[in-house]
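Data first, discussion second: the structure below is written as structure tokens.
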Amino acid sequence: MANVIVVGTQWGDEGKGKVVDIYAKNADVIARFQGGNNAGHTLVVKGEQTILHLIPSGILHAGKICVIGNGVVVDPPVLIGELNRLRDRGLLPASTRLYVSEKAHIIMPYHRRLDIARELHGVGKKIGTTGRGIGPAYEDKIARVGIRLCDLLDEEIFQEKLNRNVEEKNFYLTKLFGEEPLDGRAIFEEYRAYADELRPYAADVSLIIQREIDRGRKVLFEGAQGTHLDVDHGTFPYVTSSNTVAGNACCGAGVGPLAARSVIGICKAYTTRVGEGPFPTELQDETGARLQQVGQEFGATTGRKRRCGWLDMVLIRHAVRVSGITGIALTKLDVLTGIEKLRICTGYQTEREEFTESVPANLRLLAQCRPVYEELDGWTEDIRGARRIEDLPRNTRRYVERIEEMASARLVLISVGPDREETITLNNPFAD
Ligand code: IMP
């Protein structure tokens with residue numbers, strides 16, 4: 001059993017799409033287990049860019065089973081649109097199968113409206129959400145009023161649940177936010193059409209995955225966002241509304257806790273964050289602007305500029321612990337080329353104590369933290385042609401080695417450019 005979980009170690013956008021795409025070649029099943037179309041995985045294949053928000057990145061490989069697990073929240077028009085676009089561009093191999101868990105909760109128009117209204121009208125602090133209705137959809141799941149795919153597919157149940165929800169949500173929209181109400185009948189008609197399109201994909205994905213595992217097939221669990229956006233382990237409340245850590249691969253796909261043997265943590269060679277919230281190593285200077293520009297750090301979902309800063313090993317160590325990461329995939333190393341002096345944050349210092357293993361939970365305390373840096377010499381050589389660790393310049397190797405030492409997890413992959421080929425593979429987790 002060589003099943004692998006891939007998760008982000010920072011605040012998302014670590015380059016998971018490329019790594020998952022590479023590993024997908026060795027996997028038989030690729031499963032997403034949390035999040036929704038707030039995620040955006042940018043893939044570059046033969047110079048052509050594809051952005052996937054919901055469908056697992058493995059879809060581009062022929063003969064794979066791609067799964068959207070029960071832990072994902074699904075926006076039907078987004079999923080249908082993504083499938084149609086892939087099909088139109090000839091990127092959907094006929095032998096690839098997609099299954100969507102019948103237990104996955106559906107994002108409804110009122111979820112998007114409430115998400116945006118809350119951010120606009122300032123109920124609570126602004127989180128800087130993607131406005132895709134992710135939080136409200138998960139709220140309804142926990143409140144036990146959400147609509148699952150199997151409910152959408154049953155007209156009677158759908159009608160009943162929709163009526164109840166529209167009545168309640170219109171109350172909030174009109175009375176609390178002073179907005180126009182939603183038309184339940186129009187939603188019913190629109191979503192009935194989506195139901196017909198999604199029916200062929202609906203399945204008991206837990207069972208499908210287990211049957212594949214029993215046959216000795218390899219599963220890749222594809223996480224979205226990053227550890228520090230996890231609703232329990234991240235910088236709450238500036239987080240997303242799901243668990244992004246590796247443990248949720250089991251819950252969100254319906255497999256037991258021993259289903260995976262490796263957990264690969266994706267770590268960008270510097271740090272970025274979209275939306276609000278604390279960011280101790282943020283650079284609001286020329287270096288930050290340079291990272292943003294050279295790294296093309298724009299949100300794949302919202303197009304917002306990402307905030308940029310130095311690599312923060314407190315974040316990474318915290319992530320290694322809470323996800324049980326066994327290997328690190330380091331991405332976007334080439335973006336650092338040409339910066340004379342590089343800094344790595346080794347800890348946070350307050351007047352009273354230093355934090356090296358964990359990000360403090362108390363936001364007031366976190367705001368007092370000053371990053372402690374280790375400085376390293378940079379490099380000017382173009383590293384995009386490197387395919388072995390020995391091909392990297394001495395200073396690059398030093399940077400990479402320090403990350404490995406401080407993370408207490410071995411490096412399994414180094415990405416030196418956006419293309420599939422621009423990669424140094426050290427250990428393939430599927431081959432272990
Ligand atoms: P939500 O997930 O749309 O509710 O947004 C909550 C927070 O998570 C915001 O700060 C978003 O910018 C952030 N977020 C959500 N998805 C991603 C992602 O895929 N990459 C980076 N940030 C994300």
Side-chain angles (χ1 to χ4, degrees), residues 6-20 32-43 51-57 68 71-75 78 82 105 107-108 110-120 123-142 222-245 248 252 265-268 270-279 282 292 295-309 312 315 319 331-332 359 363:
V6 173
V7 290
T9 58
Q10 293 151 318
W11 281 294
D13 309 315
E14 296 93 351
K16 289 181 293 294
K18 170 177 166 169
V19 179
V20 168
R32 265 200 66 180
F33 56 87
Q34 47 74 223
N37 57 313
N38 48 351
H41 287 172
T42 308
L43 305 170
I51 299 180
L52 296 173
H53 295 289
L54 206 47
I55 298 179
S57 319
I68 294 179
V72 176
V73 283
V74 175
D75 191 324
V78 171
E82 221 163 79
H105 279 247
I107 299 178
M108 299 297 293
Y110 44 79
H111 293 138
R112 276 189 302 273
R113 288 276 304 273
L114 284 171
D115 192 0
I116 294 165
R118 274 198 202 132
E119 290 275 289
L120 267 179
V123 175
K125 270 192 187 159
K126 193 171 183 284
I127 304 291
T129 72
T130 60
R132 299 296 192 265
I134 307 295
Y138 278 114
E139 283 170 36
D140 278 0
K141 173 177 174 168
I142 301 304
E222 172 182 349
Q225 289 89 41
T227 303
H228 298 277
L229 286 174
D230 183 286
V231 67
D232 283 287
H233 300 286
T235 43
F236 187 91
Y238 299 99
V239 293
T240 192
S241 299
S242 61
N243 285 111
T244 59
V245 295
N248 196 27
I266 316 293
C267 169
K268 185 148 63 182
Y270 49 98
T271 314
T272 60
R273 166 158 217 173
V274 220
E276 310 300 317
F279 184 171
E282 182 169 15
Q292 196 276 324
Q296 281 297 295
E297 297 293 352
F298 292 96
T301 298
T302 57
R304 289 179 289 180
K305 268 189 186 177
R306 295 176 186 147
R307 300 153 65 191
C308 297
D312 180 344
L315 297 184
T331 60
K332 297 188 99 165
V359 179
L363 288 194

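Each ligand, and each atom within it, is numbered from 1 in the order the structure gives.
- In summary, the side chains of Thr235 and Trp11 do present a donor paired with an acceptor at a separation below 3.5 Å, with no hydrogens or angles considered.
- When all heavy atoms of Glu82 and Leu54 are compared, the pair lying nearest together is OE1-N, 3.0 Å.
- Residues Asn38 and Val73 fail the side-chain proximity criterion, which asks for heavy atoms closer than 4.5 Å.
- Here the closest non-hydrogen pair linking Ser241 and Val231 is C-CB, 4.1 Å.
- No N or O atom of Glu276 sits closer than 3.5 Å to an N or O atom of ligand 1.
- In terms of protein heavy atoms, atom 2 (O) of ligand 1 is closest to Thr240 OG1, 2.6 Å.
- Heavy-atom separations between Arg132 and ligand 1 are all 4.0 Å or longer.
- Residue, atom and distance of the protein heavy atom nearest to atom 7 (C) of ligand 1 are Val239 O, 3.7 Å.
- Side-chain atoms of Asn243 never come within 3.5 Å of backbone atoms of Val245 as a donor-acceptor pair (strictly under, hydrogens ignored).
- Of the candidates His53, Lys18, Lys16, Glu222, Glu222 is the only one forming a side chain to side chain donor-acceptor pair (under 3.5 Å) with His41.
- Taking a cut-off of under 4.0 Å to the non-hydrogen atoms of Gly275, the atoms of ligand 1 that pass are 10 (O).
- Residue contact annotation: Asp115 has no non-hydrogen atom under 4.0 Å from ligand 1.
- Assignment of Gly128 to the shell around ligand 1 is supported, since a heavy atom sits closer than 4.0 Å.
- The protein heavy-atom contact nearest to atom 3 (O) of ligand 1 is Thr130 OG1, 2.6 Å.
- In terms of protein heavy-atom proximity, atom 17 (C) of ligand 1 is closest to Gln225 CG, 3.5 Å.
- Counting only heavy atoms of the protein, atom 21 (C) of ligand 1 lies nearest to Asp13 OD2, 3.0 Å.
- Tested against Lys332 for a side chain to side chain donor-acceptor pair (under 3.5 Å), the candidates Gln296, Glu14, Glu297 yield a single pass: Glu297.
- Looking from atom 5 (O) of ligand 1 to the surrounding protein, the closest heavy atom is Thr129 CA, 3.4 Å.
- Assignment of Trp11 to the shell around ligand 1 is supported, since a heavy atom sits closer than 4.0 Å.
- Under a 4.0 Å heavy-atom criterion, Arg273 is not in contact with ligand 1.
- The residue from Asn38, Leu229, Val274 that puts a heavy atom closest to atom 23 (C) of ligand 1 is Leu229.
- A donor-acceptor pair under 3.5 Å links the side-chain atoms of Arg304 to the main chain of Gly128, judged by distance alone.
- Residues Arg306 and Asp13 are paired through a salt bridge, judged by an N-O separation under 4.0 Å between the basic side chain and the carboxylate.
- Residue Ser241 has no N or O atom closer than 3.5 Å to an N or O atom of ligand 1.
- For the pair Gln10 (side chain) and Thr227 (backbone), a donor-acceptor distance under 3.5 Å is absent.
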